[in-house]
2 protein chains.
Amino acid sequence: MTTRTRRTERRQEPLSRERIVGAAVDLLDTVGESGLTFRALAERLETGPGAIYWHVTGKAELLAAATEAVVVPAVAADDTDRTPQEAIRTLALGVFDAFDAHPWVGAQFSRATWRPTLLRVFERIGRQVQALGVPEPAQFTAASALMNYIVGVAGQNAATTRAVAPGTNRADFLDATAHAWSALDPGEFAFARGVAGRLREHDDRTEFAAGVDLIVAGITGGT
Amino acid sequence: MTTRTRRTERRQEPLSRERIVGAAVDLLDTVGESGLTFRALAERLETGPGAIYWHVTGKAELLAAATEAVVVPAVAADDTDRTPQEAIRTLALGVFDAFDAHPWVGAQFSRATWRPTLLRVFERIGRQVQALGVPEPAQFTAASALMNYIVGVAGQNAATTRAVAPGTNRADFLDATAHAWSALDPGEFAFARGVAGRLREHDDRTEFAAGVDLIVAGITGGT
DNA sequence: AGGACGCTGGAACGGCGTTCCAGCCGGAGG
DNA sequence: CCTCCGGCTGGAACGCCGTTCCAGCGTCCT
């Protein structure tokens, strides 16, 4: 039976930038940042490393494309029938959840190749700032502050929770951390020791959202 | 003249963890993150790569030690004779300036090896939060919010300004960015186009400090 | 039918982090 | 004084990485 009856699947579906970026996101999600390798990517796509370079220029562009593929949908929520405050909150939580689900994304925003993606986030935030009625001269500063807070704090949070070994649940991790803090030097780390117990009951996501609301309140005049 | 008259300089001052970390910081500052190589480090220390491993366990520990060497002095300012608000502001600007002077530090805080350093920052912030008179149940949340803002936003700012090619000055860079934004698609990037001109006159450091003040005001009750 | 070309994928290169180990060198013990 | 020993050194080597190169496949145009 050497004859192939099914001619339509020639060898496989052809390579494409989309398929490559998709496989890269998968690899980053499952094996982590160090697991994204041109060789591993080639194996998953059943090809050689060289073929990938026909579609992307190198690893930097690949990481940028993977970042964009994750972040852009997360900030593309529908705005209609929402107050600007609600829209900003939704957008912020979209970024937060995307960073949380794909811990490698936060690190990308500390590197140099993120610019187009960040500009998209800035644009969406800026439009809501306009809708808030912020006067034109203050719009740039207001949008910058919000964007820096959202991307910066969400990234910082993702870096913190990434320390959790995969498989352990959040409660166990917080328990272990609280225990470690309680054992710190009482002189040097008095404050951390004292608040160690609060670790168990706090909720990063809620506190992140509260921070967004606080900045929005500050922007709109605080009156 | 094959005889060595100077016997005192045997070969060099001996290797030590301190000297290695110092050279690593130098290398990171001058050549950037990709310039920190065990081979380059060995050459600068006039030794071989193997010798370095007697003093540090690997590159991860080396990066963590370099980060600590830069950040800890930056947050160790003298607190006496300051209001808590002033102390927090000074601390925040210390982190901001350290991240700005050593752009590779911000990226470290998105990775997994920063924990001891971050805890030191948290401790210092927490003590000032206590001094502000924040009630005990809210201290943890308040200190977390401040720390996340300070580290997150300072890191984000450092990543943005790092895009500047070394040698170009800030005004030229802002000019070029403003020009690029003005050329964006009017439909997709209406807001960014509109505020492009504001880029030239804004000051990241001042706006960062204003954000810190805003959060402090929110923490202390906002009355 | 034949040529051209987009696309493939395996081989190869230089450089990386890391490991290994032969040997140096200063001080403790005879 | 010599000898031995162990902390410390530094160069060689290993495996893996990103990237480049190129012979050849398949498809479409002429």
Please determine whether a side-chain nitrogen or oxygen atom of A:T47 lies at a distance below 4.0 Å from atom OP1 or OP2 of C:dT8. no
C:dC16 phosphate, OP1 or OP2: any side-chain N/O from B:T37 under 4.0 angstrom? yes
Closest listed nucleotide, where the reference is the side chain of B:Y53 and the choices are C:dT8, D:dT20, C:dG17: C:dG17
Let me know the distance between CD1 of A:I20 and C1' of D:dT19, rounded to the nearest Å. 15 Å
Of all the nucleotides listed (C:dC16, D:dG18, C:dG6), which has the minimum atom distance to the side chain of A:K59? D:dG18
Upstream residue (5' side of DNA chain D) when A:A51 and A:F38 are each assigned their closest nucleotide: A:F38
Residue that, paired with A:I88, satisfies side-chain contact (heavy atoms from CB on, under 4.5 Å) out of A:L146, A:I125, A:L93: A:L146
Flag the pair A:F38 / A:Y53 as yes when their ring centroid distance falls below 6.0 Å, and as no otherwise. yes
Give a yes or no on whether a salt bridge exists between A:R205 and A:D97, defined as a side-chain N under 4.0 angstrom from a carboxylate O. yes
Rounded to whole Å, the CD1-P distance (B:I52 to C:dG17) equals 10 Å
Report yes if a side-chain nitrogen or oxygen of B:H55 is closer than 4.0 Å to either non-bridging phosphate oxygen (OP1 or OP2) of D:dT9; otherwise report no. yes
For atom CD of B:E61 and atom P of C:dT18, their distance in whole Å: 11 Å
Roughly how many Å is it from CG in B:L41 to C1' in C:dG15, rounded to a whole number? 16 Å
Looking just at side-chain N and O atoms, do B:S110 and A:S110 make a donor-acceptor pair shorter than 3.5 Å? yes
Separation of atom CD in B:E46 from atom P in D:dG10, rounded to whole Å: 9 Å
Step through it carefully: locate the ring centre of B:F122, locate the ring centre of A:W181, and say whether they are under 6.0 Å apart. yes
Would you classify B:L36 as touching base, sugar-phosphate or nothing, given that sugar-phosphate means primed atoms plus P, OP1 and OP2, and contacts are heavy atoms under 4.0 Å? sugar-phosphate
Whether A:W54 contacts C:dC7 is assessed here as follows: a side-chain N or O lying under 4.0 Å from the phosphate OP1 or OP2. Is that the case? yes
So A:E68 and A:Q108, do their side chains get closer than 4.5 Å, heavy atoms only? no
Short side-chain to backbone donor-acceptor contact, B:E123 and A:F191, under 3.5 Å: yes
Contact list (N/O, under 3.5 angstrom) for nucleotides 13-15 of chain D vs protein:
none

